[in-house]
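Following: one structure in structure tokens, then a few remarks.
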Amino acid sequence: MGSPARPATIETIAQDNGLVGLLEEQVVELRAALEEAAEAICRTDAAGRLISVNRAFSEMFGYTATEIMGRSWEEVIAPEDRAPVRADREAGVRARIERQALGLRRDGTSFAMHLVMVPLFSRHDGHPVVQGHYFYVRDLTERRRTEEQLILAGRMAAVGTLAAGVAHEINNPLAYIVANIDFSRRELVRQGAARPGAAAAAPALPAALADSLGEILEALDEAREGAERVRNIVRDLKVFGRGNEAARGPVALRRVLDSSINIAWSEIRHRARLVKDYGDEPLIEGNESRLGQVFLNLLLNAAQAIAEGAADRNEIRVSTGTDRVGRAVIEVRDSGLGIPPEIVARIFDPFFTTKPEGVGTGLGLWICKGILSGLGGEISVESQLGHGSTFRVTLPAASAGEPGERPERAPAEAERRAERVLIIDDEPMILGALQRALGGEYRVTCLSDGREALARFAAGERYDVILCDLMMPDTNGMELHAAIDRLAPGQGERMIFVTGGAFTPRAREFLDRVPNPRIDKPVDFQNLRVLMKNLLG
């Protein structure tokens with residue numbers, strides 16, 4: 001009699017069909033795949049003890065497999081998130097649970113993570129019994145950093161656009177305020193007005209007016225000084241407006257530094273004396289807006305390293321010079337708290353900050369380093385705890401032969417001319433101010449509509465100088481330039497563009513492309529007369 005047949009089971013079927021070896025091989029491959037997965041994976045038993053972890057898990061949390069095995073899963077969760085994760089784990093018998101939580105590394109630091117818990121269960125008396133869980137963990141630190149960087153970039157773009165728009169809107173009324181102050185003062189002086197203490201006013205003036213002319217001139221001088229302060233603020237805003245950040249050219253460092261100082265002044269003046277120690281430095285090849293961002297950040301950091309209320313005992317010194325190979329060197333030195341030696345090497349890392357939460361993002365110095373690196377420059381720091389810090393920026397000089405800032409030349413007193421000047425601007429008050437300022441020297445025609453100007457050119461009229469606003473609602477200066485060149489070849493070369501802030505990409509590209517002179521609002525009439533004289537030959 002033969003031996004009795006074995007009952008058929010999964011095991012006997014697998015053995016009879018030679019599948020055991022294949023199953024074992026697949027198990028080994030699966031374990032290897034889990035071990036080498038980029039995502040951190042661990043498994044817990046029914047009591048919540050860790051019974052296996054992969055390599056990514058060990059690297060993420062800082063434990064070796066031997067150290068963490070047998071310990072509770074709660075040890076890798078920040079204390080404040082243990083209760084909600086525990087509730088999810090106990091509730092998720094049948095389905096996977098996803099949530100965000102704070103992980104806790106071996107060194108005590110926490111980090112944001114995305115956590116997926118998948119239950120492993122068997123059935124007992126028809127009911128599911130949890131045997132353990134798989135935890136899948138993804139570190140969200142880099143994603144959060146990217147999100148914060150994008151948010152910061154968006155805010156900076158919005159602020160830059162707002163700054164450029166505000167500058168443009170302020171410049172239009174400021175242009176005719178300055179022009180009318182200058183005209184009024186010039187006319188008073190021409191009529192024989194004298195400053196207090198000088199010779200008496202011209203006898204042709206009414207006695208009451210003559211008695212108060214000195215005071216009137218003084219009031220106009222004060223108004224002009226106030227307008228000049230507003231002009232400087234607007235100029236500084238334009239430096240930090242969102243310009244063409246890819247554009248590079250010769251940059252005068254002092255102008256950018258002065259603009260940065262003006263913007264940071266309210267933060268500086270309550271904390272320290274400011275000392276400007278400008279030496280001989282070359283023009284550098286760069287971008288005004290981006291360099292302004294660098295120096296503004298360094299100045300604000302210097303100010304914030306000093307406690308408020310002791311400005312007379314503290315100092316922030318800004319110095320410039322040239323090193324042995326001809327590079328520009330800029331230093332921002334403060335007498336503040338200094339930086340501990342153990343963290344000096346980390347201050348240029350992204351998201352590293354010693355400031356309280358909500359005060360700093362830890363991106364400022366990292367962004368500065370990136371901007372300077374892109375311009376071929378460097379930044380370094382020297383600091384002594386309790387004795388302040390010095391940030392040193394080094395930038396290559398602009399190539400030889402590149403045009404830089406030309407010093408302003410004081411024009412000779414213009415004689416009455418017969419040259420024809422056309423002024424095109426959509427602001428009637430600016431037209432009136434320019435008419436009063438230039439009408440005594442030139443034959444001036446003022447138009448507020450570009451289409452009317454084109455009709456005059458089509459009818460054969462020609463002008464020696466054309467002052468044209470760049471940004472107008474109907475026909476702007478760029479369109480007028482092209483149309484005038486078609487209607488009257490050579491007249492486009494006679495155009496001087498007047499702008500309150502060319503903040504559109506198209507306007508910036510146009511000004512970079514055409515060789516025509518341009519002047520900013522509010523108009524500096526001394527510079528304008530120089531430009532006109534050069535154009536007239």
Side-chain angles (χ1 to χ4, degrees), residues 22-121 130-154 345-346 348-353 361-363 366-367 369-370:
L22 179 60
L23 290 173
E24 289 177 345
E25 183 179 337
Q26 289 179 341
V27 168
V28 170
E29 290 177 354
L30 180 58
R31 284 176 177 168
L34 291 174
E35 175 67 16
E36 299 301 325
E39 195 169 43
I41 303 171
C42 70
R43 182 183 170 184
T44 66
D45 61 15
R49 294 184 295 266
L50 294 164
I51 58 176
S52 69
V53 298
N54 71 346
R55 182 178 303 169
F57 186 95
S58 294
E59 292 174 352
M60 183 178 293
F61 290 94
Y63 293 96
T64 65
T66 304
E67 289 172 330
I68 196 66
M69 214 73 78
R71 294 162 76 166
S72 170
W73 62 266
E74 293 192 0
E75 293 193 34
V76 296
I77 305 292
E80 58 265 39
D81 279 348
R82 287 172 186 168
V85 172
R86 187 186 306 120
D88 283 347
R89 177 178 171 274
E90 292 170 354
V93 175
R94 296 178 179 273
R96 57 185 269 159
I97 298 291
E98 291 190 44
R99 66 172 296 118
Q100 290 189 10
L102 286 177
L104 185 66
R105 296 187 179 94
R106 181 182 179 181
D107 63 6
T109 59
S110 60
F111 65 99
M113 64 180 186
H114 181 259
L115 177 64
V116 178
M117 293 176 286
V118 179
L120 300 170
F121 60 91
V130 175
Q131 294 183 324
H133 285 80
Y134 268 112
F135 284 28
Y136 300 89
V137 184
R138 187 178 307 138
D139 189 341
L140 297 180
T141 305
E142 289 302 322
R143 192 175 85 178
R144 292 279 175 87
R145 286 178 176 176
T146 302
E147 289 172 353
E148 288 179 21
Q149 193 171 348
L150 289 172
I151 290 170
L152 178 64
R346 299 179 59 195
F348 295 107
D349 293 345
F351 299 97
F352 179 80
T353 181
T361 63
L363 288 171
W366 177 67
I367 290 172
K369 186 175 181 180

Side-chain touch Gln131/Asp45, heavy atoms, less than 4.5 angstrom = no
ask   = Residues in ring pair (Phe, Tyr, Trp, His ring centres under 6.0 Å) with Phe57, at least two apart?
value = Phe61
4.5 Å side-chain heavy-atom contact, Arg71 and Arg49 = no
request  = Find out whether Leu115 and Glu98 are in side-chain contact, i.e. whether some heavy atom of one side chain is under 4.5 Å from a heavy atom of the other.
outcome  = no
ask   = Are Glu80 and Arg82 ion-paired here, with the side-chain N under 4.0 Å from a carboxylate O?
value = no
query = Any idea which heavy atoms bring Val137 and Glu39 closest together, and the distance?
reply = O-CG, 3.3 Å
ask   = CE/Met117 to CZ/Phe135 distance, rounded to the nearest 0.5 angstrom?
value = 5.5 Å
inquiry  = Restricting to side chain to side chain contact (heavy atoms under 4.5 Å, CB included), what partner residues turn up for Thr66, sequence neighbours left out?
reply    = Thr64
ask   = Is the closest side-chain heavy-atom distance between Val76 and Tyr63 below 4.5 Å?
value = yes
key: For the student: nearest non-hydrogen atoms of Val53 and Ser58, plus distance   = CG2-OG, 3.9 Å
Thr44 side chain vs His133 backbone, donor-acceptor pair below 3.5 Å = yes
ask   = Taking only residues two or more places apart in sequence, or in another chain, which ones meet Ala38 in a side chain to side chain contact (heavy atoms under 4.5 Å, CB included)?
value = none
query = Ala37 and Ala56: which non-hydrogen atoms are nearest, and at how many Å?
reply = O-CB, 3.5 Å
request  = If a pair satisfies salt bridge (charged side-chain N to carboxylate O under 4.0 Å, His left out) and one of its residues is in residues 59-69, list it, with sequence neighbours excluded.
outcome  = Glu67-Arg106
ask   = With distance as the sole test, does Asn54 use its side chain to make a donor-acceptor pair with the main-chain N or O of Ile41 at under 3.5 Å?
value = yes
inquiry  = My understanding is that only residues two or more places apart in sequence, or in another chain, count here; which of them pass side chain to side chain contact (heavy atoms under 4.5 Å, CB included) with Gln100?
reply    = His114, Leu140, Arg143, Arg144
ask   = Are Glu75 and Leu104 close enough, and set up right, to give a side chain to side chain contact (heavy atoms under 4.5 Å, CB included), and what steps lead you there?
value = CA-CA 7 Å; Glu75 293 193 34; Leu104 185 66; over 6 Å; no
query = Could you state the interatomic distance from CG (Leu50) to CE (Met69), rounded to the nearest 0.5 Å?
reply = 8.0 Å
message = Rounded to the nearest 0.5 Å, what separates atom OG in Ser52 from atom CD1 in Ile68?
response = 12.0 Å
message = Among residues at least two apart in sequence or on other chains, which ones pass salt bridge (charged side-chain N to carboxylate O under 4.0 Å, His left out) with Asp81?
response = none
message = Measuring only between side-chain heavy atoms, which start at C-beta, is Trp73 closer than 4.5 Å to Arg43?
response = no
Ring-face cation of Arg105 near Phe111 (centre distance under 6.0 Å, axis angle within 45°) = yes
